[in-house]
Amino acid sequence: MDNTGRIKKGLNRSIKKIIFGNKINKNDKRELLLLSTIDKAHIVMLEQEGFLSFEYASKVISKIVYLENLEFRPLIGSKTPRGLYMKYENWLIEQLGIRVAGSIHLGRSRNDINATIAMIQMRENVAEVVTLLLKFVELLNTLSMEYKDVVMPAYTHHQPAVPITYGYYLQGVCIAMKKNINQFLSILDSLKTSPLGSCSVGGTSVAINTKMTSKLLGFDSGPLNAMEAVASRDYVLNFMSIISITSVLISRIATDLLLWNTREFNFFKLDDQITGSSSIMPNKKNPFILENIQGKTGVISSSLFGAVTAMHNTPFTNNIGVGTESNMFLDKSKNEFLDSLELLTVFMQYSKPNVKQMKKKSSESFILATEYANTLVLNHNIPFREAHFTIGKAISNSSENIALTKSKELEKYKLEISLEEVVSKTKYGGGPSCYNVENNFNTLKKYISKTTNALMRYKSKWETAYNQLTHASNKLVKPLASKV
């Protein structure tokens with residue numbers, strides 16, 4: 001259907017190939033299903049509002065259901081002269097004639113259809129990402145209790161600083177990830193207004209019922225402003241931004257694990273399932289998947305900049321740069337993120353802390369120095385700055401073969417205390433004491449349950465809408481089902 005009345009000749013073949021591609025493939029089936037779903041909602045509304053006869057609505061929906069049942073095989077492999085939607089619409093017209101199938105486009109445009117598809121896809125993307133993040137947090141939270149007593153050094157500037165536990169480290173990751181999950185969920189709150197009915201950019205004079213179509217598609221309401229509805233894709237940038245921020249956290253964890261798995265640290269015992277060998281060096285056992293994670297997270301960040309660049313300097317209306325080109329980065333970003341998250345999840349499952357080595361590294365360093373300074377303040381009434389200087393001087397003068405507490409500067413203060421005792425005492429300011437880890441474990445467990453339930457409510461709402469749409473469209477299919 002290249003002849004649209006206004007334009008009689010079709011697009012140049014090279015332009016078609018670059019912009020619309022050559023043929024529909026199996027990867028397009030998901031978008032085709034969204035197109036057919038939106039069509040059914042719109043047709044049900046047109047029929048109930050009196051803009052489309054029962055007979056025409058029945059014929060079109062029956063043919064759409066027929067196409068869905070065939071998983072769109074009649075379209076797979078066919079050429080797309082003006083894009084996926086036009087090919088889909090032309091197929092219906094070829095099957096039913098323009099008088100019947102050409103009647104269903106009243107009160108809408110490809111612009112609001114594409115915007116509606118983008119929103120539905122986005123809420124599915126958010127649900128998919130949050131589901132896997134919750135599983136990851138649940139795993140780490142469980143491991144935090146298992147390793148709450150495994151003492152290790154905390155590092156600042158890659159230098160041993162104070163004693164913590166491996167469980168405490170894992171729980172810190174959980175709490176950071178919780179913030180990211182909340183940001184993802186905030187996107188769902190911004191996806192409650194359906195763009196369908198906005199048409200090209202300025203709405204329509206046809207008295208369509210956008211409240212009905214929005215409900216059938218799982219939204220709360222129809223468009224408030226048609227221009228904004230087709231122009232805005234901020235939720236795409238929000239999603240990619242939060243994915244990028246979360247991937248930075250994942251990359252930082254991978255960097256820690258890479259360092260701690262060097263021979264110099266030897267903090268973990270790695271299962272063969274998460275390591276690789278060298279093609280030339282028989283001594284190597286490489287945690288290479290951590291480098292894969294770092295690489296993937298770099299791709300994610302660059303994808304965000306690509307999307308932002310595609311959108312910037314575009315007018316605030318329906319625009320190809322906003323609706324099409326920027327979205328090219330979306331799937332790549334999401335898939336790289338999910339892969340990196342899965343790689344890290346598997347790594348955490350198959351890596352076990354080398355408890356003795358962590359304890360040994362803790363004992364060999366001066367990570368109790370801050371606790372010694374606190375003790376001089378609390379037990380000997382020495383100002384903190386003076387205590388800080390005294391401890392620092394003792395470290396400078398100490399020999400590796402003599403315990404710091406036995407140095408001439410500190411021996412008189414009887415500062416002997418174990419690593420475990422210091423960790424146990426450090427319960428203030430969010431310290432690594434078991435008391436805090438256990439409380440945080442329970443808090444995180446409740447959060448995971450609460451957030452999982454909230455996500456299930458969203459999914460239930462979308463499923464209910466889909467069932468209502470199926471029921472409404474089946475009322476139209478049934479009378480003519482035998483003729484299809």
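Scope of the values below: all heavy atoms of this structure, side chains included, with no hydrogens, waters or symmetry mates.
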Quiz item: Does NZ or CZ of K192 come closer than 6.0 Å to the centre of the six-membered ring of F219, within 45° of the ring's axis?
Solution: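 No, K192 does not sit over the ring of F219.
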Quiz item: Are K178 and Y447 in a cation-pi setup, meaning NZ or CZ lies under 6.0 angstrom from the ring centre and within 45 degrees of the ring axis?
Solution: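 Judged by the rule, K178 and Y447 form a cation-pi pair.
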Is it true that atom [atom1] of [X] has more than 12 heavy atoms of other residues, nucleotides or ligands lying nearer than 6.0 Å?
{"X": "R73", "atom1": "CZ", "result": "yes"}
{"X": "E342", "atom1": "CD", "result": "no"}
{"X": "K285", "atom1": "NZ", "result": "yes"}
{"X": "N381", "atom1": "CG", "result": "no"}
{"X": "K135", "atom1": "NZ", "result": "no"}
{"X": "K334", "atom1": "NZ", "result": "yes"}

Pairwise side-chain contact, [X] with [Y], heavy-atom cut-off 4.5 Å (strictly under):
{"X": "M152", "Y": "V355", "result": "no"}
{"X": "N379", "Y": "N374", "result": "no"}
{"X": "I117", "Y": "Q121", "result": "yes"}
{"X": "I38", "Y": "T213", "result": "no"}
{"X": "Y458", "Y": "D189", "result": "yes"}
{"X": "P223", "Y": "P195", "result": "no"}
{"X": "K269", "Y": "S351", "result": "no"}
{"X": "T297", "Y": "E336", "result": "no"}

Quiz prompt | Step-by-step side chain to side chain contact (heavy atoms under 4.5 Å, CB included) determination, T375 to Y413 | solution = CA-CA 9 Å; T375 303; Y413 294 114; over 6 Å; no
[X] side-chain N/O to [Y] backbone N/O, donor-acceptor pair under 3.5 Å:
{"X": "S232", "Y": "A229", "value": "no"}
{"X": "D271", "Y": "I274", "value": "no"}
{"X": "Q357", "Y": "F265", "value": "yes"}
{"X": "N114", "Y": "N111", "value": "no"}
{"X": "S251", "Y": "S247", "value": "no"}
{"X": "N286", "Y": "F288", "value": "no"}
{"X": "S190", "Y": "I187", "value": "yes"}
{"X": "H380", "Y": "V377", "value": "no"}
{"X": "Q171", "Y": "V437", "value": "yes"}
{"X": "N180", "Y": "T246", "value": "no"}

Quiz item: Is there a donor in the side chain of T255 and an acceptor in the side chain of Q294, or the other way round, less than 3.5 Å apart?
Solution: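 Yes, a side-chain donor-acceptor pair sits under 3.5 Å.
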Quiz item: Any side-chain donor paired with an acceptor under 3.5 Å for Y168 and N436?
Solution: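 Not at all, the side chains of Y168 and N436 share no donor-acceptor pair under 3.5 Å.
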Practice problem: For the pair Y166 and W260, evaluate ring-ring contact (aromatic ring centres under 6.0 Å, His included) and give the outcome as yes or no after the intermediate values. | Solution: CA-CA 12 Å; Y166 181 49; W260 294 342; 7.2 Å; no
Supply the atom-to-atom distance [X] [atom1] to [Y] [atom2], rounded to the nearest 0.5 angstrom.
{"X": "R263", "Y": "N261", "atom1": "CZ", "atom2": "CG", "value": "11.0 Å"}
{"X": "E416", "Y": "L410", "atom1": "CD", "atom2": "CG", "value": "10.5 Å"}
{"X": "L170", "Y": "Y147", "atom1": "CG", "atom2": "OH", "value": "8.5 Å"}
{"X": "L444", "Y": "E138", "atom1": "CG", "atom2": "CD", "value": "11.0 Å"}
{"X": "S198", "Y": "E228", "atom1": "OG", "atom2": "CD", "value": "8.5 Å"}
{"X": "E438", "Y": "K148", "atom1": "CD", "atom2": "NZ", "value": "3.5 Å"}

Self-check item: Distance flag, aromatic centroids of F268 and F347, threshold under 6.0 Å
Solution: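 Between F347 and F268, the centre distance exceeds or equals 6.0 Å.
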Quiz item: When the ring centroid of F389 is compared with that of F384, is the distance short of 6.0 Å?
Solution: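 No, they do not, as the ring centres are separated by 6.0 Å or more.
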Indicate the atoms forming the closest heavy-atom contact of [X] with [Y], along with that distance.
{"X": "S36", "Y": "F72", "answer": "OG-CZ, 3.7 Å"}
{"X": "V422", "Y": "P163", "answer": "CG1-CG, 3.7 Å"}
{"X": "S333", "Y": "I300", "answer": "OG-CG2, 3.6 Å"}
{"X": "M240", "Y": "A307", "answer": "SD-CB, 3.7 Å"}
{"X": "L196", "Y": "T116", "answer": "N-OG1, 3.3 Å"}
{"X": "E68", "Y": "K40", "answer": "OE1-NZ, 3.0 Å"}

Could you check whether [X] pairs with [Y] (Lys NZ or Arg NE/NH1/NH2 to Asp/Glu carboxylate O, under 4.0 Å)?
{"X": "K459", "Y": "E463", "result": "no"}
{"X": "E420", "Y": "K359", "result": "yes"}
{"X": "K425", "Y": "E421", "result": "no"}
{"X": "D28", "Y": "K87", "result": "no"}

Exercise. Could you give me the CA-CA distance, side-chain angles and deciding distance for D272 and Y350, then say whether side chain to side chain donor-acceptor pair (under 3.5 Å) is met?
Key: CA-CA 9 Å; D272 289 350; Y350 287 94; over 6 Å; no
Quiz item: Do the ring planes of F337 and F184 sit parallel (below 30°), tilted (30 to 60°) or perpendicular (above 60°)?
Solution: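 Rings of F337 and F184: tilted, as their planes differ by 30° to 60°.
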Practice problem: Please report the C-alpha distance between M358 and V151 in whole Å, then the side-chain angles of each, then the deciding distance to 0.1 Å, and finally whether the side chain to side chain contact (heavy atoms under 4.5 Å, CB included) criterion is met. | Solution: CA-CA 6 Å; M358 286 182 170; V151 176; over 6 Å; no
Self-check item: Candidate pair Q349 and V346, rule side chain to side chain contact (heavy atoms under 4.5 Å, CB included), full reasoning
Solution: CA-CA 5 Å; Q349 288 173 323; V346 173; 4.3 Å; yes
Exercise. Start with the C-alpha gap between Y169 and I253, add the side-chain angles, then the distance that decides, and say whether side chain to side chain contact (heavy atoms under 4.5 Å, CB included) holds.
Key: CA-CA 10 Å; Y169 172 85; I253 300 164; 4.0 Å; yes
